[in-house]
Chemist: 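Structure in structure tokens, see below.
Each chain gets a letter, A, B and so on, in the order its sequence line appears, and its residues count up from 1.
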Amino acid sequence: MHIQVNDISKKYDTKVFALKNISFDVNLSGILAIIGKNGAGKTTLVRILSTQLLPTSGLAFIDGYDVIKEPQRVREIIAAVPQEARAIPWLTPIQTVSSYLMWRGLSYREAREKGREALRILGLEKVENEKNRKLSGGQKRKVLVATVLASEAPLIFLDEPTTGLDYLSRKELWELLMEMKKNRLIILTTHYLEEAEILGDLIGILDKGKLLDLSDIQSLRSKMEYPYSIKIYDRDIKMVVNGIVKDVSDGLQIFTNEKNVYEIIPKLLEKKIKFSVQEVSLSNIFEFFVEEGVQDEEVLEPNNGFNSG
Amino acid sequence: MKRYLSQIMASILVNSIYAMINYPVVLINTLLAPLSILAVVTFASHGTLLPVAALGALIMNMVQSGTSMQGDLSHLKNDMKLQDMIVSSPTSAGIYILGMAISEIVYSIPTLTLLLILNFIFVKISIFGWLTIFLDMILIFTFSISLGFFLSTLSSDIVQSWAFSGIISPLLTTIPPVYYPITYIPYPWRYLSYLSPTTYAAEIAQSAAGYVKLNLINFALTWIILIIFTIFIFVIALKKSRWREI
Ligand SMILES: Nc1ncnc2c1ncn2[C@@H]1O[C@H](COP(=O)(O)OP(=O)(O)OP(=O)(O)O)[C@@H](O)[C@H]1O
Ligand SMILES: [Mg+2]
């Protein structure tokens, strides 16, 4: 799937830009995860690309089809579950999924078969004939995800598909998405950064309507001045470090670069202090990108000693 | 072609068949409004207006399809976000609405059947008269469905959509001379009733059944005005409805 977005901006009736000069070009099958705070513009971007909303300016193409001028072409190859979509309460899961597939053009029989299959994969076969209103919140969300999973659309938009799912269900869905992404592109938004990190072949970071970055997790890391995090389970240490130090619940967290990691570790070993080393997580990167000022506040002057505790 | 049939069938299943199977009580809903006015008019006129009111109930039933489609579409769009899912699918606005319009007819089949039986019993109409009434009903149905779709795309929540229904229903069915002849309305009020397309639809039905006499010019004029109303709203719905939001 090839998605080209060229200088898309969106202004609702208000004066503020919900999206401002968004441009990117991705050509992949896999998962593009979009993260950003509430109101960052994730839903707006997804709705524009899935032909539900017109941008104020700019162009977008999906596999060469103009999203603005040829929406009917685009609609043949996409499927979307909106953020606030709800499973219609008076339908059963199988009726929900199969009618959606019929709207996609499948015959009643095919739609029932494919629908059953999707519900089985999502572990909903036991409730497929219950009314949706009787299902739990997470089950209702799964019914909606099942509708688009069952479709053969090569480009799928999922706006916060895992919100409200318990941890295990979320992991189940991740596995499913990993399976599904093999021959299509899934664009998903999420507030779970761990999820974006695990699933996202590419990760887009939106903030206040601007696309701050869009790349894979390794390149995001490589853009960080301090791509490593050392967690020290002891506050009462005296040591000289190069990097950012943060107080966390059970000790200290040092963000630093590779060279410093090699310098710090022997010292910690020598002092027999418990520690762990990791590459920075997406949440660290996200905070760095979005919370301006993190660095200024907490960076220590190089080679300044610090006392903490 | 097969594909369009599937898409239309999906709307019918979701909006009427599954709803009726899962909540049979909804059937009473469509039955109640036309029948209650029919009863009131019949009793108040000591039975003399029964045939005219029975024809009126048929027209009201068609108009009601449009108002209830407005409500259904708004609900599915605003509360379920179903319309967004349909927009991002191969189903076009036209096919979706066609399916939904048919689903409203399916929904009102019990009412329609009962009303047709009443009309067969109490109103003497020729084959030609029935054909006229049939065409008349299709026109007023198209009118109200177009209006319903147009309003549903403008509504952004259920309260607004209730307000739309609350305004349209009485303006189109209860107040205009649908259940009784227009001659019952004194001037200058009669002029006001000519603002409603249902007045023309009722006049056509009543003349087809022989309850009012229209000369050729009036007859042609009534049709022309009803057709213009219908085309006007249909075009507005086509042009101004928001399938993709702006
Ligand atoms: N229909 C609308 N009319 C006016 N403003 C809107 C509308 N929809 C969104 N906005 C505004 O546009 C901005 C972006 O909203 P959007 O829904 O795209 O954010 P989001 O990243 O999806 O947020 P969330 O994580 O809360 O879902 C917000 O400031 C929001 O208030
Ligand atoms: Mg959102």
Chemist: So, for B:Asp84 and A:Gln52, which heavy atoms are closest and what is the spacing to 0.1 Å?
Modeler: O-NE2, 3.3 Å
Chemist: What residues of residues 136-151 of chain B sit under 4.5 Å from chain A when only non-hydrogen atoms are counted?
Modeler: none
Chemist: If you take all heavy atoms of B:Tyr23 and A:Pro89, which pair is closest and at what distance?
Modeler: OH-O, 4.4 Å
Chemist: Are the side chain of B:Ser88 and the backbone of A:Ser50 linked by a donor-acceptor contact shorter than 3.5 Å?
Modeler: yes
Chemist: Is it the case that the side chain of A:Trp90 and the backbone of B:Asn15 share a donor-acceptor pair, with hydrogens and angles ignored and the cut-off at 3.5 Å?
Modeler: no
Chemist: Which atoms of B:Ser89 come close to chain A, meaning under 4.5 Å heavy atom to heavy atom: side chain ones, backbone ones, both, or neither?
Modeler: both
Chemist: Where on B:Leu82 is there a heavy atom nearer than 4.5 Å to chain A: the side chain, the backbone, both, or neither?
Modeler: side chain
Chemist: Heavy-atom distance under 4.5 Å to chain A: side chain of B:Leu5, backbone, both or neither?
Modeler: neither
Chemist: Does the side chain of B:Met85 reach to within under 4.5 Å of the side chain of A:Tyr100, using non-hydrogen atoms?
Modeler: yes
Chemist: Heavy-atom cut-off 4.5 Å, strictly under: side chain, backbone, both or neither for A:Ile77 against chain B?
Modeler: neither
Chemist: Within the supplied structure, the quantity of interest is the number of heavy atoms (other residues, nucleotides, ligands) at a distance under 6.0 Å from B:Tyr4 OH; does it exceed 12?
Modeler: no
Chemist: Which one, B:Ile95, B:Asn22, B:Thr91, leads in non-hydrogen pairs under 4.5 Å with chain A?
Modeler: B:Asn22
Chemist: Please look at A:Arg109 and chain B and tell me whether the side chain, the backbone, both or neither of the residue comes under 4.5 angstrom of a heavy atom of that chain.
Modeler: neither
Chemist: Compare every heavy atom of A:Arg86 with every heavy atom of B:Asp79, then report the nearest pair and how far apart it is.
Modeler: O-CD, 3.6 Å
Chemist: May I ask you to list the residues in residues 223-246 of chain B that approach chain A closer than 4.5 angstrom, counting heavy atoms only, ordered by number?
Modeler: B:Trp243, B:Arg244, B:Glu245, B:Ile246
Chemist: From B:Met80 CE over to A:Asn132 CG, what is the distance, rounded to the nearest 0.5 angstrom?
Modeler: 9.5 Å
Chemist: Would you find more than 12 non-hydrogen atoms of other residues, nucleotides or ligands less than 6.0 Å from A:Tyr12 atom OH?
Modeler: yes
Chemist: In terms of heavy-atom pairs under 4.5 Å with chain B, which of A:Glu84, A:Arg104, A:Gln95, A:Glu76 leads?
Modeler: A:Gln95
Chemist: What's the shortest heavy-atom distance between A:Ser107 and B:Ser6, and which atoms?
Modeler: CA-OG, 3.4 Å
Chemist: Tell me if the CZ atom of A:Arg73 is crowded by more than 12 foreign heavy atoms within 6.0 Å.
Modeler: no
Chemist: Donor-acceptor check, side chain of A:Arg75 to backbone of B:Val87, threshold 3.5 angstrom: yes or no?
Modeler: yes
Chemist: Side chain, backbone, both or neither: which part of A:Ala153 has a non-hydrogen atom closer than 4.5 Å to chain B?
Modeler: neither
Chemist: With a 4.5 angstrom heavy-atom cut-off, which part of A:Thr147 approaches chain B: side chain, backbone, both or neither?
Modeler: side chain
Chemist: Tell me whether B:Gln160 at atom CD has more than 12 heavy atoms from other residues, nucleotides or ligands lying less than 6.0 Å away.
Modeler: yes
Chemist: B:Tyr18 versus A:Ile88: any side-chain heavy-atom pair under 4.5 Å?
Modeler: no
